[in-house]
Amino acid sequence: MSGDGLYCGQSLPGGDPNDLYDCAGGETASKTVCPDGCQVNPPGVADACKAVPNGGECCLHVPPGVVTQAFSACGDGGSHYGIDYGVALGTPIYAGIAGTVVGQQTGLPNCYDNGCSMQCWNAFNYVKLKSDCGDPNNPANDLFVYYLHIDALGPAIQNGSHVDQGQLVAYSGNSGCSSGPHIHLETVSVPKGQSGSLNTCSSENPLGDFCP
């Protein structure tokens, strides 16, 4: 009744006060779960999720290391669907955003010197996070964050583990078809309820998700 826009759930019949709803045409188009609650703003100012203290922003922290290969897929002149950061073996990798571990693989060796066959190309260690915030740039989507070529997981990290932004999730490695130790960061944005997968045009340049 107040027009299209963003509203905290407490302003809507049956709404959750911790959710931010995107309303259009008198209906709810999508909603975002606010990790630290929803901020009701004065009339004329869109409601918003409250800022989460102590590193809980709905944006992605940059991994350690030096960029060795940029994003170049989906119309950008190449087929690299993430950003590579060159680091030493065993460098700690901290969760760039708060979320839940929804996939992981360890125990696979480096196979680059064997010619990088298709089997080798898909045989890398990784950890996959589903962001608590969804996609910060698209409220209708979920955001998945992958760290590839890892050596090992952090303490107690397993499928279903919830991690805070800045929490240790893995250690860098050189597994799979990798010419040297690095962290491959890939971010995947898909409609809510779908599962992200690597190397499709649902993978977006992580630069657009980084914290200011």
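Basis for what follows: all heavy atoms, side chains included, without hydrogens, waters or symmetry-related copies. One-based numbering along the sequence shown.
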*For Asn125, does its backbone N or O pair with a side-chain atom of Ser175 as donor and acceptor, under 3.5 Å?*
yes

*Does Asp164 reach the main-chain N or O of Ala98 with its side chain, forming a donor-acceptor pair under 3.5 Å?*
no

*N/O donor-acceptor pair under 3.5 Å between Asn141 side chain and Gly134 backbone*: no

*Between Glu186 and Asn199, is there a donor-acceptor pair closer than 3.5 Å when you use the side chain of the first and the backbone of the second?*
yes

*Less than 4.5 Å apart, any side-chain heavy atom of Val102 and any of Leu129?*
no

*Determine yes or no for a side-chain-to-main-chain donor-acceptor pair under 3.5 angstrom, with Asp209 supplying the side chain and Cys59 the backbone.*
no

*Just wondering, do Tyr171 and Thr91 contact through their side chains at under 4.5 Å, heavy atoms?*
no

*Short question: side chain of Tyr21, backbone of Ser11 - any donor-acceptor pair under 3.5 Å?*
no

*Result of checking Leu6, Asp19, Leu20 against Lys31 for side-chain contact (heavy atoms from CB on, under 4.5 Å)*: Asp19

*Does Ala140 offer a backbone N or O that forms a donor-acceptor pair with the side chain of Asp135 under 3.5 Å?*
no

*Only pairs at least two apart or in different chains count here, so list each salt bridge (Lys or Arg N to Asp or Glu O under 4.0 Å) that has a residue in residues 75-101.*
none

*Taking disulfide (SG to SG under 2.5 Å) as the test, write out the residues that go with Cys177, two or more places apart.*
Cys116

*Atom CG of Asn110 and atom CG of Asp151: how far apart are they, to the nearest 0.5 Å?*
11.0 Å

_disulfide bond (SG atoms under 2.5 Å apart) between Cys49 and Cys58, worked out_ = CA-CA 9 Å; Cys49 289; Cys58 284; 6.0 Å; no

_Checking the side chain of Asn137 only, and the main-chain atoms of Gly208 only, is there a donor and an acceptor separated by less than 3.5 Å?_
yes

*Picking from Pro64, Ser172, Pro63, what satisfies side-chain contact (heavy atoms from CB on, under 4.5 Å) with Tyr85?*
Pro63

*Say whether, by atom type as modelled, one donor and one acceptor occur between the side chain of His80 and the main chain of Ala70 under 3.5 angstrom.*
yes

Atom pairs and distances, side-chain donor-acceptor, residues 152-162, under 3.5 Å, sequence neighbours left out:
unit_1, atom_1, unit_2, atom_2, d
Asn159, OD1, Gly103, N, 3.4
Ser161, OG, Ala156, O, 3.2
Ser161, OG, Gln158, N, 3.0
Ser161, OG, Gln158, O, 2.9
His162, NE2, Asp132, OD1, 3.4
His162, NE2, Asp132, OD2, 2.7

_Ile150 and its side-chain contact (heavy atoms from CB on, under 4.5 Å) partner, picked from Ile183, Ile93, Val169, Leu108_ = Ile93

